[in-house]
Structures are given as structure tokens and as C-alpha cells.
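Got a structure here, written out as C-alpha cells. Questions coming.
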Amino acid sequence: MITVAEVIVDVAAYPVDRPFDYLVAPEMAAIIEVGSRVKVPFGPRNVLGFVVAIKDNTDISMNKIKPVAQLLDIEPVLTHEMLELAKWLKQETICYEIDALQAMLPSALRAKYEKIATLQTEIEFLPPALQEVFRTSHKINVKVFEKNNLLNELKQALNDKHISIENIVKQKGKVKEIRKVEILDDSIKLSEIVDGISNRAKKQKQLVLWMQNHQGEIMDPNVIYKEAGVSPQVLQAVVELGAASFIQQEVYRDPFTKEVKRTNFLNLTDEQDIALNKITAAINEKRPETFLLHGVTGSGKTEIYLQTIAKVLAEGKEAIVLVPEISLTPQITERFRSRFGELVAVMHSGLSVGEKYDEWRKVHEGKVKVVVGARSAIFAPFENVGVIILDEEHESTYKQEDSPRYHARDVAIWRSQYHHCPVILGSATPSLESFARAKKNVYTLISLKERALKQSLPTVEIVDMREELKKGNRSMFSMDLAESIQTRLDRQEQIVLFLNRRGYSSFVLCRDCGTVLQCENCDISLTYHRSNEKCKCHYCGYEIHVPKTCPQCQSDHIRFFGTGTQKVEEEIAKLFPQARVLRMDVDTTKTKGSHEQILEAFGEGQADILLGTQMIAKGLDYPNITLVGVLSADTSLHLPDFRAAEKTFQLLTQVSGRAGRHNKPGEVFIQTYTPEHYAIELSKAQNYEPFYEREMHMRHQAGYPPYYYLALIQVSHEDVLMAADYAGKAVDWLRSQLSSNISIIGPTASGISRLQNRYRYQCLIKYKIEPELIPTLMQLIKIYRSDWIKKGILLTVDLDPTMI
DNA sequence: AGCACGCCGACT
DNA sequence: GTCGGCGTGCTC
């Protein structure tokens, strides 16, 4: 009898994107499990891999098959569900299986590959340059030689067998352990020890006597020093006597900064109650039903989530809650933690690698029952999921932009079918796709039309900035908005000013020749950062110091345009010198926790005006905010994206929802140069359905989702002609393969036509139901991988792209 | 993707 | 004669 493991290896390449068979040594056979990570020899090196199946036979000949080198997990890190899900993702998004598997785990569990050179002979045999390096240690990372340009010497030394090189595979993250003291649980022994201590060792005696009252306890050494009144040396001595021992205890890193108070259920409105009943019915009947919870801002969606989760927990099941990254503020997570306490794990990008790993371990080890997290939390390894919630389901952050290009909504629905549990998609402004599905009864629509505390929605004024210009007002504030700001300042109420960031980003311009500083690698202008006087490319990271003279004409008339928010801040200071302003944008939220600090300061009333970008549109819920101003609603409207109108409407509705959420009524001003555009006009009434109807009509005419599906193909190369040529080849081939009901648009240059020194072309495919499409695209990828890739072409396929 | 193998040009 | 360039092909 032999044991054979099928392993997916950690090599993202087409020819090896399949399981490889490995022998399992008899002593490993009893503990190896499907879903465990292993170290396996692959070609000339060792790599990490995932066991996807275990069997007792193989088609591989015995002289070819190799054994598993090491089992890395005692407990498997992936469930059967996750392995199934990975196969589905591979099909659905056309990605490598290994990418899908890695996406489900915290990065701490990924492999770290290191090459270590070890000295094999006397150091004198080596050339002097190498001697110098090996003097510090006989084991040196090969990277050190790369840095010092000593690779050739190293190779020579390897040939002469003076050194050896080994590839080692390590895990990135570690389990954190702390030192604790375990006190002996044996009163007789302890008494004996006390008796045996000489009278001169008073402190030791004192400590052991104290320990007799804490038998068997595991304690922090610092607590012992304090409570028993002894020093570390005394404890050390007592440990040597055998009265206690040091142990390493695994702990979770604690990402929470402060304690939260427990809260109880709020009373539900009739609407909320009906919604909750519908959802709990699905839970009880184990129906994998998808609910679209469409509720106006402030209608109390979160309370419905909380009570649904309580119900799920009572059934002994678990809950997954997804929130867009940007709104994963303590305000939101605290609501969950205050209701469910220690049963909640939080996962978002603000955590360190170690913290993420620990939050994941809490789920894996069954220590928590609820996960609140960003997109990747959809892979939380629960085994008995009772409900999956996507808050703000329309948010584009739920779509991953690189491989595996999955949409968290699709994964949620897949998992709900696996676990026979409902999914709740919540939003005040659902995506057109979801609302359309709800109308077709694919999803169950639940509407909340009233705010939970019966507050009226804020009144919305649309201000035509063209009129302001005619009146000679060239400031960023219309007369009406300026007046309202003054009123709030007088009344000591709070104001939120929102700047639609795009189109306002800062840049450096020469006033003589009009040159705008461009990135060397990308077709995009550099962003000016005042904090360190640098210009940075937000796409590739290219960075230069602000030049003193124009690189084109050597003129010194260089002008910096600060970020939009900085400019607005300056203008506020001029117009309302008494106002205290908090600014929230990429510049002020760079450091960890600054995001929270700003919000907290505002919540405590330390400022009158909160000025910010996208970031402040969500989750903000303070009773004293009575005025919201959108300085320029247009910027997102004119983006070359078929969802521009939808995004603008969503943003305006979200922002407006920040005002008057409690007992003081709210007022909203939306400034625009195109007040007649339906996305702006209809946001005044804050009524979703008229907008939906209007936008659906547009999508129908233009042939966009939800009427058609999309696929985006991108081709890039360092050379423009090559990129264009091969994009053309791809399109020609697709046209020859696909039926005529599929429209293929392109190839055209991408929005950012050059990125990281690569020219990019793209082609958009619009289709209805086309079972042949995915196989055809896979065929295209095959052609690309067998031939084009060698020419330096890069081709990617995104099914269901969000950005075009 | 890596890495070894293998076959041709410029050096001691 | 040898080092080292990168085309080709394989990885249980």
C-alpha cells in the first residue's frame, strides 16, 4: 500500500497549473490531510504546495515520482469547500489554481524562498571579496552577493565546491508566543521546596509561599514580580528549584485599540421587523436565498444585520460580514464588537501581516463566530456559515482587480449555496445589476423606505455654479452654501464638505511653456506631495524631487497646484477665519490609525468642518452634522466609464445621507455645472427607482450591463507597435471564432495608455448568454501562452470588469 | 515561473 | 581551448 498526495505547486504558470503526484512517507501518511501545505521538490528546487487529494495509486512511474519533503501543517489550512471554491474560481475568472488558493489564506502563510550560501571549506580558499562577506557568518543569503556584485565569484566558488547553495522554503508569518510562568500544581512538592530553602534566601521563600496560593496557575511573569514583590532573579531561582516553570504560550496579536461597551438590541421599526422575519425564515429553512436589502440612508440596515447574526449564532452557526475597505472604520466594527464581543474577528488592510494572520487563526481555530472584513474576508474558513452579508453591495472595491479577478458578491452566493444559507446584499443605492436581478426575482427585494428614527431625509439643494459665475462669484463656494456654512458655525453645528477628488489631483505646471510634469514610465502626470516636496506617480511609484526649473524650457516659473482639499482648506481659512477645519485625504491619513483619529476628533466636536474626499462619504454618523456640501458633483460624471452616472448618483446619495441622521434636520448643497444631468437632478429627491429606470434605459441603448455581460482583454508591450499589433491579432482571432451576436469593440488604447513603461491596448467584448465565450477566451490564452509570451507580450482577461 | 541543459561567439 | 550568451524544454 502506498500513499500518494496530489499537490498544486506554488508556481503560477500555465504548464504546471495542475496537480502533481508525490509519494507520502508511511510515518507522514497518518497525519497528512487534504488542504495541508507541504514542501515538495519541484525540478531542481523545493517549493510550497497544497495537497488537493490523497490516493493510494499513481500513473507516474516509480523512478519519476518524488516524496513530499515536509508537511507544513498539522491541521489543514484549507477546507474541502475552499478547494472546491478554488476550482470554481479558476474556471470562472480564468486564473491559476494556485492564485485562487493563495487568495484564500493570509499572506503570513505564504512561502518565503531564500537561497543560502554555506561555506564548505576553510575561508582562505576563497577570493578576498568573498572572504570578507563570509567572515561575519558561514551562512549568507545569496541576496547579499547580488547586492555586492559578487555573483560570478560565488558561482566559481560553487563550482570549486568551496561553498554550497541551498534553497529554503519558509513561511512568511509566525505565531506569536509569549513567556509565561506555570506554577506547580502539587501542594506537597511546594511545601517540600519551601522547607528546603535556606533562611538566608528570604525572597525565594516569600515567592514560593505566595505560589502556594496560586497553584497550577499560568501567569504573566510581570504580574508575579508585582504581586509577590520579587525580582526576575528570584523567580529564575525558584523556577530552578522546580516550584514553577517557564512555558511559551501562543497568543493573538490584539489589533483593537480600545475596549468597547456592550450594547443591546434596538427596537425595530415595522419595516425592519418584516425584513428580519423574511431573512430568518430563509435561515430556518436553510434556503440559499439572496436578499437585496434596499434601504434609504439611516434606515437601520446595520441593526437588521446585527439581529440576523444573533439569530444565526443562536443556531450555532457563523456569520460573515463584508464592508467596503474604506468604511471599515472603528465606528462600524465597534457596532459589531459591542454586540458580540470576543466572538468577532476583524480583517482589513490596515492590519499588519501578523495581525491578519491572528485574526484568520481565530476563525480557523473556531474561537470566533463572526467576521467583519473587507473583500478577502469572504474566504473566512468557517465550516458552518449561517448568513453572509455584503454591506454597500454596489461598491466597486468588492471586485479584485488582479488575479484572481473575483467579485466578492459572486463568491458569497457560491458559498451560500454550499452552506444552504442566505446572502444579504445591503445598499441605499444598489448596483444596477443587483436591482435588475431583484426585479426579475432572482434576488428577493426588501425595501426600507423610512429612516429608523423617523427623521426626515435632509433637504437637498442643487446649485448651478454657472449662475454663480455669471453673478461674478469665482470662489469654490456658492453664495447659498457660504451662507449656510456661516449659519452652522454660528449655531455650533457641524459641517461636512465633500470634494470629488478625481480631476482635482495636484500637479506641477510650468507657467511659461505649459509643461505638466509627467511620469517617466507611465502616461500620467505626477502628483505633487507638499509634505515631502516630492512628485510621485500613483501608478508605478516613480518619485522625483520637485525641480527648481522646468525640464522643458528651464524657466523657473513653476507652479504647484496643491491637492484639491488643500486648496479648499485655504479658501475656507479666508472666508471663515474662525472655523476649525479637519482635512481628510490621502495626505493626512497616511499613517496607521490617523483615519480614525480624525473621525474621532470630529465626533468629539474638536472641529466645525470636516473636509475630505471619497473617504468621508461612508459610515460617518454624528448627530451634530446638519450641513453637507458637495463642492463639485461633476468630476466623477465625466469619467470615461459607463458607470460614471451610477457612481455619481451613489456618491451624492451617500454623502447626503451624512446629514441630519439624528434629531436635528439636515441640509445638503450640491454644487454643479451640469444641474440638468439626470444623475444630479434625481439625487435631489434621493429616490433610487426613478434613477434606476433612467439609467437602465441608457444601458439598454448603449448595450452595457445589466443587459449585456462584459469581458475586457488587455494587451501590453514595451513597444507601441508590438502592443497594437498583437492586440489587433487577438481581436481578429476572436472575431473569427465568435458568433456575430457578440460585439467586439477595439482594439483601442487603454485609459492610461502607458503604464510602467508598457503600452497598453484593450478590447471590450459585449455579449448576452454565450456558453462558447469562456472556452474561446481560454483558447486565446493558450495561443498567447504558447507563443506571444516569449515576445514580451502580456495579455490579461477580466470577465466582468469594473473599470474600463 | 525558474532552472538546467545545450549549442555558438570573444577571450586568456 | 573556455567562459558565458540566451534559445528550448521540463517540472510528479
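We name chains A, B, ... by the order of the sequence lines, and we start the count at 1 in each one.
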Quiz item: By ring pair (Phe, Tyr, Trp, His ring centres under 6.0 Å), which residues pair with His364(A), not counting sequence neighbours?
Solution: Trp360(A)
Exercise. Using a heavy-atom cut-off of under 4.0 Å over every strand shown, decide if Ile60(A) touches base, sugar-phosphate, or nothing.
Key: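 Result for Ile60(A) = base.
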Quiz item: According to the interplanar angle, ranging from 0 to 90°, do the rings of Tyr406(A) and Phe379(A) count as parallel (below 30°), tilted (30 to 60°) or perpendicular (above 60°)?
Solution: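 The rings of Tyr406(A) and Phe379(A) stand perpendicular, inter-plane angle above 60°.
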Quiz item: Do any of residues 2-26 of chain A sit with a heavy atom less than 4.0 Å from DNA chain B, and if so which?
Solution: Val11(A), Ala12(A), Ala13(A), Pro15(A)
Self-check item: Gln714(A) versus Thr796(A), side-chain donor and acceptor atoms under 3.5 Å
Solution: no
Quiz item: Mind checking what makes salt bridge (Lys or Arg N to Asp or Glu O under 4.0 Å) contact with Glu718(A), not counting sequence neighbours?
Solution: none
Self-check item: Euclidean distance, Thr802(A) OG1 relative to Glu401(A) CD, rounded to 0.5 Å
Solution: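 Output value for this atom pair is 3.5 Å.
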Quiz item: For the pair made of CG in Asn167(A) and C1' in dC3(B), what is the distance, rounded to whole Å?
Solution: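 To the nearest whole Å, that distance equals 10 Å.
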Practice problem: Can you sort out the partners of Arg253(A) under salt bridge (Lys or Arg N to Asp or Glu O under 4.0 Å), two or more places apart, ordered by chain and number? | Solution: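 Salt bridge (Lys or Arg N to Asp or Glu O under 4.0 Å) list for Arg253(A), sorted by chain: Asp358(A).
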Quiz prompt | Partners passing salt bridge (Lys or Arg N to Asp or Glu O under 4.0 Å) against Glu393(A) (at least two apart in sequence or in another chain) | solution =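 Glu393(A): salt bridge (Lys or Arg N to Asp or Glu O under 4.0 Å) contacts with Arg409(A).
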Exercise. Would you list the pairs meeting ring pair (Phe, Tyr, Trp, His ring centres under 6.0 Å) in which at least one residue belongs to residues 38-66 of chain A, sequence neighbours left out?
Key: Phe20(A)-Phe42(A)
Quiz item: Are Val52(A) and Lys87(A) side-chain neighbours, meaning at least one heavy-atom pair lies under 4.5 Å?
Solution: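 Not in contact.
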Exercise. Would you mind listing every side-chain hydrogen bond (donor to acceptor under 3.5 Å, both in side chains) that reaches into residues 49-65 of chain A, with sequence neighbours excluded?
Key: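 Counting only pairs at least two positions apart or across chains, the side-chain hydrogen bond (donor to acceptor under 3.5 Å, both in side chains) contacts touching residues 49-65 of chain A are Glu6(A)-Lys55(A), Asp21(A)-Lys55(A), Asp21(A)-Thr58(A), Ser61(A)-Asn63(A).
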Quiz item: Looking at residues 27-39 of chain A, who's got a heavy atom less than 4.0 Å off DNA chain C?
Solution: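 Heavy-atom contacts with DNA chain C come from no residue of residues 27-39 of chain A; none.
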Practice problem: Extract, from 5' to 3' on DNA chain C, the first and final nucleotides lying under 4.0 angstrom from some heavy atom of chain A. | Solution: dT11(C) to dC12(C)
Quiz item: Is it true that Glu166(A) and Lys139(A) have a side-chain N and a carboxylate O under 4.0 angstrom from each other?
Solution: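 Looking at Lys139(A) together with Glu166(A), the answer is yes, because their closest N to O distance falls below 4.0 Å.
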Quiz item: Can you tell me how far C1' of dC3(B) sits from OH of Tyr113(A), to the nearest Å?
Solution: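 It works out to 14 Å between those atoms.
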Quiz item: When you measure from every atom of DNA chain B, which of residues 88-107 of chain A have a heavy atom less than 4.0 Å away?
Solution: none
Self-check item: Spacing between Ile165(A) atom CD1 and dG2(B) atom P, to the nearest angstrom
Solution: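 Going from CD1 in Ile165(A) over to P in dG2(B) covers 16 Å.
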Self-check item: Pairwise ring pair (Phe, Tyr, Trp, His ring centres under 6.0 Å) hits with a residue in residues 132-172 of chain A, at least two apart
Solution: Phe125(A)-His162(A), Phe134(A)-Phe145(A)
Quiz item: Restricting to pairs with a member in residues 782-804 of chain A, which pass ring pair (Phe, Tyr, Trp, His ring centres under 6.0 Å), not counting sequence neighbours?
Solution: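 Applying ring pair (Phe, Tyr, Trp, His ring centres under 6.0 Å) to every pair that reaches into residues 782-804 of chain A, excluding sequence neighbours, yields Tyr726(A)-Trp788(A).
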Quiz prompt | Atom-to-atom span, CD1 of Ile789(A) to C1' of dA1(B) - whole angstrom | solution =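 Between C1' of dA1(B) and CD1 of Ile789(A): 9 Å.
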